[in-house]
Amino acid sequence: MRIYNPDEATLQALRGSNIELILDVPNDSLQSLTNAGAATDWVQKYVTPYSDVKFKYIAVGNEVRPGDGNAGNVLPALQNIQAAISSANLQIKVSTAIDTTLLGGSYPPSDGFYSDNAKSYIQPIINFLMSNGAPLLANVYHYFSYKDNQQSISLEYASFTQQGQNEVGYQNLFDAMLDSLYAANEKVGAPNLQIVVSESGWPSEGGVGATVENAGTYYRNLINHAKGGTPKKPNGPIETYLFAMFDENLKGGDETERHFGLFRPDKSAKYQLGFNGSGFPVVDCTMHFQNFRGENHRPPFPMKGSLRGLGSIPYPAPPEEIEE
């Protein structure tokens, strides 16, 4: 599972749960963590006291892009958090989460490459990840690619229901998008850099193709597909995190942005999803204690699901509406 800011009530609730966790450094904290002392303080406050929380990754920034004001802060913050983790003798991988807008081309997937603007930004970050044995986190959204390119991308291709391969040997958009990132990494000297899909989801309403039926089909097929690999990297499974736990029903932006949740704000489940072939519903899975991705939408209750770590822990009920 993944939380997008270090909410201490959530961390307390995760103690002893054995649930693997991605803990984010919020984008608005990056600049302060370019100071080594501040990074040490951050780790000592939010990580070292929770020795019984199973931290898997620390994500230093989410979807920071080359032109953003924070772009120059990502690498030094990564380095400082890594130094603080190492000084504390902790075995936690430190990375950052990108999105696919960094690609200058993605089709065919074997021709995937980073744009010139993105290359100068991502290359030193990739070098850092390789030197520390950490994966690259990537947020991969079929829905937006489908919505913006319906003439060339079918709903079936985007939702894992296409029969047969296309002209370049792909049967679904997930594999194509992921392999284009692998190809881009190859072109900057990182052919063996692991990619963890740190977000992927489909909205249940608010736009073209956004229905409960389509979203449920997408999530079920993604869960099943992640057990295997891609044409370029056939040896799975693919570590993948579902976005999101709850609908962000007061979030701004497009209507679809408010409907990515597996649960409604009243905790009712939209879908019946099984994991690891168990067939039990998503409401029995440890897809709890996840926080909101939106910069201004981080209430103190959980939100985002993961394909990893099954169990059972209680979680607080959200209010009828999500307040900022």
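Positions are given from 1 along the sequence.
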(request) To the nearest 0.5 Å, tell me how far I58 CD1 sits from I85 CD1. (result) 3.5 Å

(request) Fit a plane to each ring of F174 and H142, take the angle between them on a 0 to 90° scale, and name the class: parallel (under 30°), tilted (30 to 60°) or perpendicular (over 60°). (result) tilted

(message) Is the ring pair Y271/Y219 parallel, tilted or perpendicular, if the boundaries are 30 and 60 degrees?
(response) tilted

(request) Flag the pair K251 and E257 as a salt bridge only when some basic side-chain nitrogen lies within less than 4.0 angstrom of an acidic carboxylate oxygen. (result) yes

(request) Kindly compute the distance separating CG (L103) from CD1 (I122), expressed to the nearest 0.5 Å. (result) 10.0 Å

(message) Would you say D266 and S268 are linked by a side-chain donor-acceptor pair, where the criterion is simply a distance under 3.5 Å?
(response) yes

(message) Rounded at 0.5 Å granularity, tell me how far CZ in R65 sits from CG in L102.
(response) 8.0 Å

(message) Quick test of your reading of the model: are R15 and D52 salt-bridged, counting only N-O distances below 4.0 Å?
(response) yes

(request) Measure across M177 and S145 and return the closest heavy-atom pair with its distance rounded to 0.1 Å. (result) CE-OG, 3.7 Å

(request) Taking all heavy atoms of L129 and all of S95, pick out the closest pair and write down the distance. (result) CD2-OG, 3.6 Å

(request) Can you label the angle between the F160 ring and the H225 ring as parallel, tilted or perpendicular, going by 30° and 60°? (result) tilted

(request) Please determine, by modelled atom types, if Q171 and N166 share a side-chain donor-acceptor pair under 3.5 angstrom. (result) no

(request) Apply the test side-chain hydrogen bond (donor to acceptor under 3.5 Å, both in side chains) to residues E63 and N139: give CA-CA distance (whole Å), side-chain angles for both, the deciding distance (0.1 Å), then the verdict. (result) CA-CA 8 Å; E63 296 186 353; N139 300 339; 2.9 Å; yes

(request) State plainly whether the residues E205 and K270 are in salt-bridge range, i.e. N to O under 4.0 Å. (result) no

(message) With rounding to the nearest 0.5 angstrom, report the CE to CD1 distance, M130 to I126.
(response) 8.5 Å

(request) Looking only at non-hydrogen atoms, find the nearest pair between N80 and A39 and report the distance. (result) CB-CB, 3.5 Å

(message) Using a strict threshold of under 4.0 Å (side-chain N to carboxylate O), is an ion pair present between E186 and K232?
(response) yes

(message) Under 3.5 Å, is there a donor on one side chain and an acceptor on the other for D99 and Y141?
(response) no

(message) Pairing donors with acceptors under 3.5 angstrom, does anything connect the side chains of N221 and N224?
(response) no

(message) On a heavy-atom basis, which atom in V53 and which in L11 lie closest, and how many Å separate them?
(response) CG2-O, 3.5 Å

(message) Walk me through whether V196 and L136 qualify under side-chain contact (heavy atoms from CB on, under 4.5 Å).
(response) CA-CA 6 Å; V196 170; L136 176 65; over 6 Å; no

(request) Give, for atom CG of D247 and atom NE2 of H259, the distance between the pair rounded to the nearest 0.5 Å. (result) 6.5 Å

(request) Decide whether Y57 and E239 meet the rule of one side-chain donor and one side-chain acceptor closer than 3.5 Å. (result) yes

(request) Treat each ILVMFWY residue as a node, draw an edge where side-chain heavy atoms are under 4.5 Å apart, and state whether I125 and F113 are in one component. (result) no

(message) Using side-chain hydrogen bond (donor to acceptor under 3.5 Å, both in side chains), reason through T217 and E213 one step at a time and then give a plain yes or no.
(response) CA-CA 6 Å; T217 295; E213 180 181 4; 5.5 Å; no

(request) Give the C-alpha distance, both sets of side-chain angles, the deciding distance and a yes or no for ring pair (Phe, Tyr, Trp, His ring centres under 6.0 Å) between Y146 and W202. (result) CA-CA 11 Å; Y146 159 72; W202 193 284; 5.8 Å; yes

(message) I need the minimum non-hydrogen distance between S32 and A38, along with the two atoms involved.
(response) O-CB, 3.3 Å

(message) Under the criterion side-chain contact (heavy atoms from CB on, under 4.5 Å), I'd like the reasoning laid out for V94 against N132: C-alpha separation, chi angles, the key distance, then a yes or no.
(response) CA-CA 8 Å; V94 180; N132 288 282; over 6 Å; no

(message) Minimum heavy-atom separation for T48 and A88, please, with both atom names.
(response) CG2-CB, 3.8 Å

(message) For Y4 and F243, take the angle between the two ring planes, folded into 0 to 90°, and tell me which bin it lands in: parallel under 30, tilted 30 to 60, perpendicular over 60.
(response) perpendicular

(request) For N185 and Y114, test the side chains for any donor-to-acceptor distance below 3.5 angstrom and give the result as yes or no. (result) yes

(message) Less than 3.5 Å apart, any donor N or O on the side chain of N73 or T34 sitting next to an acceptor on the other?
(response) no

(message) Under 3.5 Å, is there a donor on one side chain and an acceptor on the other for T40 and Q44?
(response) no

(request) Please confirm whether K233 makes a cation-pi placement over Y182, using NZ or CZ under 6.0 Å from the six-membered ring centre and within 45° of the ring normal. (result) yes

